[in-house]
Structure formats: C-alpha cells, structure tokens
A.B. asks: 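If you scroll down you'll find the structure; I have some questions about it.
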Amino acid sequence: MGPSRRGTRTPSPGPGPGRVPGAGGTRGPRGHRLAGRPARDPSRPGPHPHRPGPAAPATAGLLHLLLSVGLNPEDTQAAAFAVFLLPATAAALWCADRRHWGTAGAALAAAFLVKQTGAVVLLPVLLLWWRAGGGARDLARLALGGVLPVLATALATDPAGFLFWTVTGSGAYASFSGSVPHVLARALVNAALLAAASAALLLPLARAGRAPAELRLWLGGSALAVVTGLHFFGHYYLQLVPPLALLGARALHRRPPGARAGALRATAGLAALFVLWGLLAPRPDTDHAVRLAHAVRDRTAPGERVLVWTMHPETYWLAGRPPASRYLTAGLLTNHSGGRSGARTGEPYAVPGTWHVFRAETAADPPHLLVDDSRGGDWSPRHLPTLRTLLAERYRPAGTVDGARLYVLRDR
C-alpha cells in the first residue's frame, strides 16, 4: 500500500504561553490569529499593524502644525484651551498604544482638567485597552491614573466649588438657546475653513481604505467635543487636528513618494495663505480695546481699580489697571457668550450667586472708573437692574470712546 496522499501528520503542540489548544498557531489578545509568529508577552508593546513606517510620525507632526492654522483669524488665540488640551490627549493615546495604562489615565485627567471635552479621548483609550486583552488590573491602573489627579485637584481647591465649576455649573453654557441659522452658519463656516486647510489630504484619505478603529473613534469623539454646547468657536475645531493629522499621514504614506511630497507642498501652501490672512486681516476688536485702554489709563492713577463691563478682558491688561471684580467679563453674570445670537441673557440667567459676590465687591471698594463697553447689546446696564442702580446712585458720565460709555465716582 502506497504512502498516504495526506502526508505525515505533525502532532499539535500542547498548551503553552500564547497558544490555544487545538489551534495551528499562536493567538494574540482577543483571539487575533498570529500564525507562524512566535508567542509574545501581551503585556509588552509590539509592532503596530497600522504604522506605515518610521517617517510617518514626522509627517503627522508636520501636518498637525500646518492644519492648526486653518482658522478664522479672530479664533487664532495664542492661549486657547485647545492649545493646552491637545498635548494631553495625544499623550493619552500614545501611552495607551504602548500599554502604559497608569500614565494614560494621568494624561486623560490632564486633558479633562484643561477642558471637560478632553475626556472624549477616553473612548479610543478604552478601545486600545480592550484590544490589549481587557484585563481588570490594567483597567484599574487606567482608572487610578485618571481619578487620582482629578481628586487631588478637587481637594486642593474646594470640592464643592470644583464640582460646580467643572460639571454642574456648565448647564446654561452647554444648553442650546439662540438663533438656529446663526449657530448653523458658524458651524458650517468654521468646518469649511478646516476642510479648506486639509484640501490636499481629502483625496488621499478617500483612497486610503479603512483606517484603524482607534483613530476613527478619536476623530468622532473630537467631533462630538466640537458640537458640545453648540457654540462652534473656531478654536474648538483644533481638537480635530491630531487625529486628522495621523489619518492624513497614514494616507500619504500609502501614496507614491512624489504624490506624498506634492500633497505636503499643497498643504504648506494653504497654511501660508491662512497665515497671510491672519497677518493682513483687520482687528477691530483689538483696536477698540487699545483705544479704550488708553482712555482708562488717562482717567485713572496707577493702582486705582476699574470695572470694564465688557467681553474683552484684555482691556485691563492693556490699561495696566487692576479689575474691581473677579468677573473680568459679563459672561458669568449675564449668560452672554459668543457663538450665539438671541440667547437668554440677563440677571436671571447668571451663574447662581455671582451677583451677590459682585455687589459685595463693588460696595466694599467701588471702582474709580466704570466703563460700559456693551455698546447697546442685550447685556448692557439698561437690561440689568443691579448695574443700572449702581450707575445711577454712585457714578456720573465722563464721556465716550468708540461707543463705550465712561463713568466716574460722584465723590471724586
């Protein structure tokens, strides 16, 4: 009888590290087949299946720099929350990708402490944890790394106040009110600006195929952060830039070198146009604040407290005069904020307790100069009984500057 056509059967190895009984190869966490590869300790970082090569991180960093200027010039704030938020969110993903769960949790906490919407990075972090095996010990490290910094910050300040200012006191800001067309127009314009800055990446992204789930989830979570509160400031869109840069780098490194270089040159050219726009665009609000600051400085002595009823707190800094209240803008006292039109505004919509504090501050040490910079807005003193009474009883008119009304104490 001739030999069997099936050949000699090699016995399957017994159970061992990284092997599943009855399987013809090793399996990684969550049962992903790794046939023909030696077993690897799942707790140690290994090669990532979606990393296109050693040059891709540099491309991603360059894209992040170029895309981050794709904003309306009025939204390019040098010290916006997003500027401090993005390093923490990127660090959380970097640590989770390398299974440093405690450090990933600490980075997540830092992102949340900068801005509440930084917490959306938890979604891709949890996906990476699940893919790594979903161990309870790793989840505990992640949770402790995230909770302990937040808890320490709350205890170092005031736990009740921390909870109020971080969570429960943000309801009015996050709730929708105002003109739907105004909000929709702001959302679409700022989205279009970022899309224009990314125009050279759109075709490579469309041709790159299905991206890693953690990057898609990071981008989707960041989009949710932009939508939260329905204010749609341009700098909110910066939270989309890190995942978009990584997706763009992945897409470009799947293209030929010439096409990749062309897309980078085009993106750099678009960034240069945005920079030029920012340099040449008029700055009416800044120019107004400078003129107003000169008037404040001319009418007060160094060290004299002033109150500028405004949404532009830089006036205090430009004038070199200390504020008479902790409330540097009218926002917390009236619920007035940018990104809305026709929103509920006035004393009834203020953060609870703020007017009580404001009255105490202005009664104990009245400002030498009070500037009404509302210029007829729905948050002007004529709509606010407390401020209207203060002006009528303690102050007299002292002129106008660019539509802003100046008042000085009657006993000066």
Side-chain angles (χ1 to χ4, degrees), residues 28-30 32 42-68 81-135 138-150 194 198 201 205 208 210-226 228 236-253:
R30 296 293 174 193
H32 294 298
S43 66
R44 296 179 61 83
H48 196 292
H50 301 295
R51 290 185 183 131
T59 302
L62 178 61
L63 288 176
H64 188 282
L65 176 65
L66 297 175
L67 296 179
S68 64
F81 284 116
V83 175
F84 304 101
L85 169 71
L86 299 187
T89 58
L93 262 293
W94 188 89
C95 292
D97 185 54
R98 287 151 180 80
R99 302 175 189 177
H100 304 318
W101 301 112
T103 313
L108 175 63
F112 172 75
L113 289 171
V114 172
K115 189 180 179 185
Q116 295 93 321
T117 55
V120 298
V121 77
L122 178 63
L123 299 175
V125 166
L126 285 176
L127 176 61
L128 291 171
W129 163 78
W130 183 82
R131 281 183 167 179
D138 292 337
L139 184 61
R141 291 193 184 100
L142 177 65
L144 284 175
V147 170
L148 289 180
V150 175
L194 182 58
S198 313
L201 304 177
L205 283 169
R210 190 177 181 86
E214 61 269 23
L215 294 184
R216 289 184 282 115
L217 190 58
W218 190 8
L219 184 65
S222 298
L224 178 63
V226 173
T228 301
Y236 285 12
Y237 287 75
L238 285 174
Q239 205 161 343
L240 296 168
V241 172
L244 187 58
L246 287 172
L247 289 167
R250 172 183 177 271
L252 291 183
H253 280 266

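All values reported here derive from a predicted model rather than from experimental measurement. Any value given below was found using the heavy atoms of this structure, including those in side chains, with hydrogens, waters and symmetry copies removed.
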A.B. asks: Return the set of residues passing side chain to side chain contact (heavy atoms under 4.5 Å, CB included) with Leu194 (not counting sequence neighbours), or none when no residue passes.
C.D. replies: Ser198, Tyr237, Leu240, Val241
A.B. asks: Which distance, rounded to the nearest 0.5 Å, do you find between the NE2 of His64 and the CG of Leu86?
C.D. replies: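 Those atoms lie 5.0 Å apart.
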A.B. asks: Looking only at non-hydrogen atoms, find the nearest pair between Trp101 and Ala96 and report the distance.
C.D. replies: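 Closest approach of Trp101 to Ala96: CH2-O, 3.6 Å.
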A.B. asks: Quick one: closest heavy-atom pair of Ala111 and Thr89, and the distance?
C.D. replies: CB-CG2, 3.8 Å
A.B. asks: Identify, with sequence neighbours excluded, every residue that meets side chain to side chain contact (heavy atoms under 4.5 Å, CB included) alongside Ala91.
C.D. replies: Ala107
A.B. asks: Could you tell me which non-hydrogen atom of Ala211 sits nearest to which non-hydrogen atom of Leu247, and how far apart they are?
C.D. replies: CB-CD2, 3.4 Å
A.B. asks: Who pairs with Leu122 by side chain to side chain contact (heavy atoms under 4.5 Å, CB included), at least two apart in sequence or on another chain?
C.D. replies: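 For Leu122 the side chain to side chain contact (heavy atoms under 4.5 Å, CB included) partners, ignoring immediate neighbours, are Leu108, Leu126.
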A.B. asks: Between Ala106 and Pro149, which heavy-atom pair has the shortest distance, and what is it?
C.D. replies: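 That closest heavy-atom pairing would be CA-CG, 4.5 Å.
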A.B. asks: Would you give the length of the straight line joining atom CG of Asp138 to atom CH2 of Trp129, rounded to the nearest 0.5 angstrom?
C.D. replies: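 With rounding to 0.5 Å, CG (Asp138) is 8.5 Å from CH2 (Trp129).
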A.B. asks: Kindly write out the residues that satisfy side chain to side chain donor-acceptor pair (under 3.5 Å) with Thr59, not counting sequence neighbours, or none if the list is empty.
C.D. replies: His253
A.B. asks: Look up atom CG in Leu93 and atom CG in Leu246, then write down how far apart they are to the nearest 0.5 Å.
C.D. replies: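 Those atoms lie 8.0 Å apart.
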A.B. asks: Is Trp218 reaching over with its side chain to a backbone N or O of Leu244, donor-acceptor style, under 3.5 angstrom?
C.D. replies: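 No, Trp218 side chain to Leu244 backbone: no donor-acceptor pair under 3.5 Å.
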A.B. asks: Is any side-chain heavy atom of Val120 closer than 4.5 Å to a side-chain heavy atom of Gln239?
C.D. replies: yes
A.B. asks: My understanding is that only residues two or more places apart in sequence, or in another chain, count here; which of them pass side chain to side chain contact (heavy atoms under 4.5 Å, CB included) with Leu62?
C.D. replies: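 By the side chain to side chain contact (heavy atoms under 4.5 Å, CB included) rule, Leu62 matches Leu66, Leu264.
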A.B. asks: Just how far is it from atom CG of Leu85 to atom CG of Leu238, taken to the nearest 0.5 Å?
C.D. replies: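 Going from CG on Leu85 over to CG on Leu238, the span is 9.5 Å.
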A.B. asks: Within a strict 4.5 Å, meaning less than it, do heavy atoms of the Lys115 and Phe84 side chains meet?
C.D. replies: no
A.B. asks: Find the distance between CD (Glu214) and CG (Leu127) and round it off to the nearest 0.5 Å.
C.D. replies: 6.0 Å
A.B. asks: Could you report the tightest heavy-atom contact between Leu217 and Pro124, atom names first, then the distance?
C.D. replies: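 Looking at all heavy atoms of both residues, the shortest contact is CD2-N, 3.7 Å.
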A.B. asks: Considering all heavy atoms of both residues, which atom of Arg131 and which atom of Ala213 are nearest to each other, and what is their separation?
C.D. replies: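 Residues Arg131 and Ala213, closest heavy atoms: NH2-CB, 3.5 Å.
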A.B. asks: Calculate, to the nearest 0.5 Å, the distance between atoms CG and SG belonging to Leu142 and Cys95 respectively.
C.D. replies: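 It comes to 10.5 Å.
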